[in-house]
Amino acid sequence: MKKCSMIKRNVKDSVFLSFFGERDNVLDLYKELLPEDTQATLDDVSIRTIKRVLVKGYTNDLGFSVGNRYICLVEAQSYRLRSMQTRMLLYLAHTYQNYLEDNGLSLYDIKEGDVPEWEAYVVSTGQTDGGVFKLSTLKGNLFDDSIMEAVPEKDSDLLREYI
């Protein structure tokens, strides 16, 4: 058996999950993704990553909110999946449900301003399609990934270092 076949295939995923399990790193990431928000502090950051409780459930790589301004979801993939819109839709629904419960809000009496805006990103580490992509809307065809736009690279960027 070759040595390279024994390498843990999801090591990058493990690094991503471990690194972004820390609120200070999440705040740094948030400031990179949304530099216009200069008011955010560590106290504003809540990690909202969906953890698998049951054997058949779904999890996401990173979910967090910053105060009542944003809910951000970030998925790290070794290659781009065409089902990202569908996955993000499910993650958003679950995350918003938890947000409402955490804040004592009901689905039936919320109004504009009660829930934060959302941002969704895909971090692709693939050799041919690596990069950071923003999903800024959801469409009727949830398998159409043409709506994901590349996020411009910056000189010092946590996600670029990860890729």
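A search for side-chain hydrogen bond (donor to acceptor under 3.5 Å, both in side chains) contacts involving Thr137 returns nothing, not counting sequence neighbours. For Lys31, the side chain to side chain contact (heavy atoms under 4.5 Å, CB included) test picks out Leu27, with sequence neighbours left out. Listed by chain and residue number, nothing satisfies the salt bridge (charged side-chain N to carboxylate O under 4.0 Å, His left out) test with Arg23 (two or more places apart in sequence, or in another chain). Every side-chain hydrogen bond (donor to acceptor under 3.5 Å, both in side chains) that Tyr121 has, sequence neighbours left out, goes to Glu119. For Thr95, the side chain to side chain contact (heavy atoms under 4.5 Å, CB included) partners are Arg48, Ile50, Ile71, Leu73, not counting sequence neighbours. For Gln97, the side chain to side chain contact (heavy atoms under 4.5 Å, CB included) test picks out Glu101, with sequence neighbours left out. For Glu117, the side chain to side chain contact (heavy atoms under 4.5 Å, CB included) criterion is met by Tyr70, not counting sequence neighbours.
Each ring pair (Phe, Tyr, Trp, His ring centres under 6.0 Å) pair with one or both residues in residues 18-47, not counting sequence neighbours, appears once here: Phe16-Phe20.
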Under the side chain to side chain contact (heavy atoms under 4.5 Å, CB included) criterion, do Val122 and Leu135 qualify, and how do the steps go?
-> CA-CA 8 Å; Val122 176; Leu135 178 65; 5.6 Å; no
Determine, stepwise, if the pair Tyr91 / Glu75 fulfils side chain to side chain contact (heavy atoms under 4.5 Å, CB included).
-> CA-CA 10 Å; Tyr91 299 155; Glu75 280 295 296; 3.6 Å; yes
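Note that CG of Asp44 is 5.0 Å distant from CZ of Arg69, once rounded to the nearest 0.5 Å. Rounding to the nearest 0.5 Å gives a distance of 8.5 Å between OG of Ser65 and CG of Asp102.
Paired with Val26 under the rule side-chain contact (heavy atoms from CB on, under 4.5 Å), one option of Val66, Val74, Thr49, Val45 passes, and it is Val45.
Here the closest non-hydrogen pair linking Ser124 and Phe133 is CB-CE1, 4.0 Å.
Proximity of Cys72 to Leu29: side-chain heavy atoms (C-beta onward) are nowhere separated by under 4.5 Å.
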Listed pairs under 3.5 Å, donor-acceptor, residues 108-115 side chains, sequence neighbours left out:
| residue | atom | partner | partner atom | Å |
| --- | --- | --- | --- | --- |
| Asp109 | OD1 | Ser106 | N | 3.2 |
| Asp114 | OD2 | Lys111 | N | 2.9 |

